[in-house]
K.L.:
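Quick one: the structure is below, questions incoming.
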Amino acid sequence: MSFLEFIEQCWNDHADHAQDVADRLAAALPMVAAPEDIAAFARIVTHVYGEHLGEWARGIALLDPLRNVDGYTAEAGVVVTRSLATLRYAGGDPRALRQLGNEDRAAVLATAAAAFTGRKDLGRALEAYGQAVQLASGLPKGSSAFRTLAIGGNNLAEALEAVGERDQAQTEGMIAAARGALTFWRLAGTWIEEERALYRLTRSLLAAKMAEEAVETGVQCVKVCLANEAPAFERFFAYAVLASALRQAERHIDYADMREEAMAWFDRVAEGERQWCESDLADLAY
């Protein structure tokens, strides 16, 4: 097994066995050699020790030695610098961002927001993500921070949708995060990320009881699928979320039509993908 294959296995296992993966990563530090190894190692250490375990200091201690690895390059150094700053900032060090430029700061704050989201610290997640979006306004085309901002916004919006009784600030933050995800996926992703971001924004608008706005973004989601001949899996979600928006808007005839369309696409979804459709199917059950 190559080192990158080892990292891929760790990603596959980490959600259900975070502590075990953390121990494996700690033992694997002497194996890190090539620049691509360094970057891959830094990313998963930051995610597992940060978002999953909240062991910020242990993560920092594992990443610091990477600067002395023979394969350390400027490109790998960007990942390591951002990873260390993320763990330090999330761990409560106010000095963590001081020496960073705006692009690195935006990426660090967005990564930290995702970590806070995963740890249910939504107040800090909203604060960090808001700061990241402000910094992103001046970033150059093709910035590597855009993808991080897209992921952070998506994760935060989805987490806030699940909050039973949001206050006004949380609801506004949820919509802002979903809009941020859409904005940055349009800059960093393909049509499929844009379509999924439109789905997420529609869900967030529904959670905020903003039915007419949800219908508008749901229509956009369907249009992206049609324009790109999307597979059945994507089309099911697009039609399902539009149907939900139409129902909330009390457009009952249109809802019935879109529900029928969604169910027709579900019938074409591959058997192995159907498990991911359960929540949306349940939403269409009444």
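All values derive from a computational prediction rather than experimental measurement.
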K.L.:
Any side-chain heavy atom of Val45 within less than 4.5 Å of one from Ser83?
P.N.:
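With C-beta onward as the side chain, the pair stays apart.
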K.L.:
For residues Phe41 and Val69, determine if any side-chain heavy atom of one lies less than 4.5 Å from a side-chain heavy atom of the other.
P.N.:
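No - every pair of side-chain heavy atoms lies 4.5 Å or more apart.
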K.L.:
Aromatic rings Trp56 and Phe116: how do their planes relate, parallel, tilted or perpendicular, breaks at 30° and 60°?
P.N.:
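Answer is perpendicular, since the angle exceeds 60°.
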K.L.:
So, Glu8 versus Asn12: side-chain donor-acceptor pair below 3.5 Å or not?
P.N.:
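No, Asn12 and Glu8 have no side-chain donor paired with an acceptor closer than 3.5 Å.
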K.L.:
For Arg147, does the CZ atom sit with more than 12 other heavy atoms under 6.0 Å from it, leaving out its own atoms?
P.N.:
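Incorrect, the count does not exceed 12.
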K.L.:
Do Val241 and Phe266 sit in one hydrophobic cluster, given that two such residues count as connected whenever their side-chain heavy atoms are within less than 4.5 Å of each other, even indirectly?
P.N.:
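Linked within one cluster.
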K.L.:
Just by distance, do the side chain of Glu234 and the backbone of Pro231 share a donor-acceptor pair under 3.5 Å?
P.N.:
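Absent.
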K.L.:
Does Val133 share a hydrophobic cluster with Leu97, counting links as ILVMFWY side-chain heavy atoms below 4.5 Å and allowing steps through other members?
P.N.:
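No; Leu97 is not reachable from Val133 via cluster members.
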K.L.:
Do Leu87 and Ile44 land in one hydrophobic cluster if side-chain heavy atoms of ILVMFWY residues count as linked below 4.5 Å?
P.N.:
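In one cluster with Leu87: Ile44, yes.
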K.L.:
Minimum heavy-atom separation for Ala145 to Ala106, with atom names?
P.N.:
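Looking at all heavy atoms of both residues, the closest pair is CB-CB, 4.5 Å.
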K.L.:
Taking everything shown except Gln9 itself, do over 12 heavy atoms lie less than 6.0 Å from its CD?
P.N.:
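More than 12 heavy atoms, drawn from other residues, nucleotides or ligands, come within 6.0 Å of this atom.
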K.L.:
Flag this pair as yes if the NZ/CZ of Arg67 is under 6.0 angstrom from the six-membered ring centre of Tyr72 and inside a 45 degree cone about the axis; otherwise no.
P.N.:
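No, cation not above the ring by the 6.0 Å, 45° rule.
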K.L.:
Considering all heavy atoms of both residues, which atom of Thr117 and which atom of Ala125 are nearest to each other, and what is their separation?
P.N.:
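Result for this residue pair: OG1-CB, 3.5 Å.
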K.L.:
Would you confirm whether Asn228, through its side chain, and Ala230, through its main-chain N or O, come within 3.5 Å as a donor-acceptor pair?
P.N.:
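No: the side chain of Asn228 does not pair with the backbone of Ala230.
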K.L.:
Going by an N to O cut-off under 4.0 Å, is there a salt bridge joining Arg203 and Glu158?
P.N.:
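Looking at Arg203 and Glu158, the cut-off is not met.
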K.L.:
Take Asp13 and Asp20 through the side-chain contact (heavy atoms from CB on, under 4.5 Å) test and state the conclusion after the steps.
P.N.:
CA-CA 9 Å; Asp13 297 343; Asp20 175 64; 5.7 Å; no
K.L.:
Quiz question: by atom type and distance under 3.5 Å, do the side chains of Thr171 and Gln168 form a donor-acceptor pair?
P.N.:
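Thr171 vs Gln168: no donor-acceptor pair found between side chains.
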K.L.:
Do Leu198 and Phe237 belong together in a cluster built from hydrophobic side chains that touch within less than 4.5 Å?
P.N.:
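Not linked; separate clusters.
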K.L.:
Look at the side chain of Arg274 and the backbone N and O of Val269, then say whether any donor-acceptor pair between them is shorter than 3.5 Å.
P.N.:
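It does hold such a pair.
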K.L.:
Walk me through whether Ser244 and Asp283 qualify under side chain to side chain donor-acceptor pair (under 3.5 Å).
P.N.:
CA-CA 7 Å; Ser244 295; Asp283 195 38; 2.4 Å; yes
K.L.:
Closest heavy-atom contact between Glu273 and Cys277?
P.N.:
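Closest heavy-atom pair between Glu273 and Cys277: O-SG, 3.9 Å.
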K.L.:
Are any side-chain N or O atoms of Tyr129 and backbone N or O atoms of Leu149, one a donor and one an acceptor, separated by less than 3.5 Å?
P.N.:
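Yes; judged by distance alone, with no hydrogens or angles, the pair exists.
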K.L.:
Within the structure provided, determine whether Thr111 and Arg82 are in side-chain contact (heavy-atom separation under 4.5 Å).
P.N.:
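In short, these two side chains do not touch, never coming nearer than 4.5 Å.
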K.L.:
With the side chain counted from C-beta on, respond yes when Tyr239 and Asp257 share a heavy-atom pair under 4.5 Å apart, and no when they do not.
P.N.:
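Side chain of Tyr239 against side chain of Asp257, heavy atoms only: no contact under 4.5 Å found.
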K.L.:
Run the side-chain contact (heavy atoms from CB on, under 4.5 Å) test on Arg200 and Arg196 for me, step by step, so that the C-alpha distance in whole Å, both residues' side-chain angles and the decisive distance to 0.1 Å come before the verdict.
P.N.:
CA-CA 6 Å; Arg200 180 84 283 133; Arg196 291 179 179 182; over 6 Å; no
K.L.:
Kindly check if the number of other-residue, nucleotide or ligand heavy atoms within 6.0 Å of CD1 (Ile253) is above 12?
P.N.:
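Atom CD1 in Ile253 is not crowded, with 12 or fewer foreign heavy atoms closer than 6.0 Å.
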K.L.:
Of all the heavy-atom pairs spanning Leu156 and Leu126, show the shortest one and how long it is.
P.N.:
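Looking at all heavy atoms of both residues, the closest pair is CD2-CD2, 3.9 Å.
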K.L.:
Is there a side-chain contact between Met263 and Leu281 (heavy atoms, below 4.5 Å)?
P.N.:
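Yes, their side chains come closer than 4.5 Å.
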K.L.:
How about Val79 and Thr46: do any of their side-chain heavy atoms sit closer than 4.5 Å?
P.N.:
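The answer is no; the side chains never approach within 4.5 Å.
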K.L.:
Once you measure the plane-to-plane angle for His47 and Trp11, does it fall in the parallel (<30°), tilted (30-60°) or perpendicular (>60°) bin?
P.N.:
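His47 and Trp11: tilted rings.
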K.L.:
Do Glu194 and Trp185 make a side-chain contact, defined as non-hydrogen atoms from C-beta onward lying under 4.5 Å apart?
P.N.:
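Glu194 vs Trp185: side chains apart.
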K.L.:
Of all heavy-atom pairs between Ala136 and Phe146, which one has the smallest distance, and what is that distance?
P.N.:
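Heavy-atom minimum between the residues: O-CE2, 4.3 Å.
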K.L.:
Do Leu205 and Arg179 pass the side-chain contact (heavy atoms from CB on, under 4.5 Å) test, and can you show the C-alpha distance, the side-chain angles, and the key distance before you say yes or no?
P.N.:
CA-CA 10 Å; Leu205 290 166; Arg179 292 194 189 281; 4.1 Å; yes
K.L.:
Hey, mind stepping through Gln19 and Glu55 against side-chain contact (heavy atoms from CB on, under 4.5 Å) and telling me if it holds?
P.N.:
CA-CA 10 Å; Gln19 188 59 65; Glu55 297 182 358; 3.7 Å; yes
K.L.:
Can any side-chain N or O of Arg58 pair as donor or acceptor with the backbone N or O of Ala22 at less than 3.5 Å?
P.N.:
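No, Arg58 side chain to Ala22 backbone: no donor-acceptor pair under 3.5 Å.
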K.L.:
Looking at Val78, is its backbone amide N or carbonyl O close enough to the side chain of Thr81 to form a donor-acceptor pair, meaning the two atoms are under 3.5 Å apart?
P.N.:
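The answer is no, because no donor-acceptor pair under 3.5 Å joins these two groups.
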K.L.:
Using every non-hydrogen atom in the two residues, find where Ser204 and Ala157 come nearest and quote the distance to one decimal.
P.N.:
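Closest pair (atom of Ser204, atom of Ala157, distance): OG-CB, 3.7 Å.
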K.L.:
Any chain of hydrophobic side-chain contacts (each under 4.5 Å) joining Ile60 to Val21?
P.N.:
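Hydrophobic grouping puts Ile60 with Val21.
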K.L.:
Does the side chain of Arg235 reach to within under 4.5 Å of the side chain of Glu229, using non-hydrogen atoms?
P.N.:
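Yes, at least one pair of side-chain atoms sits under 4.5 Å.
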K.L.:
Strictly distance-based, threshold 3.5 Å: is any side-chain N or O of Gln248 a donor or acceptor partner for the main-chain N or O of Leu206?
P.N.:
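Pair found, side chain donor or acceptor close to backbone of Leu206.
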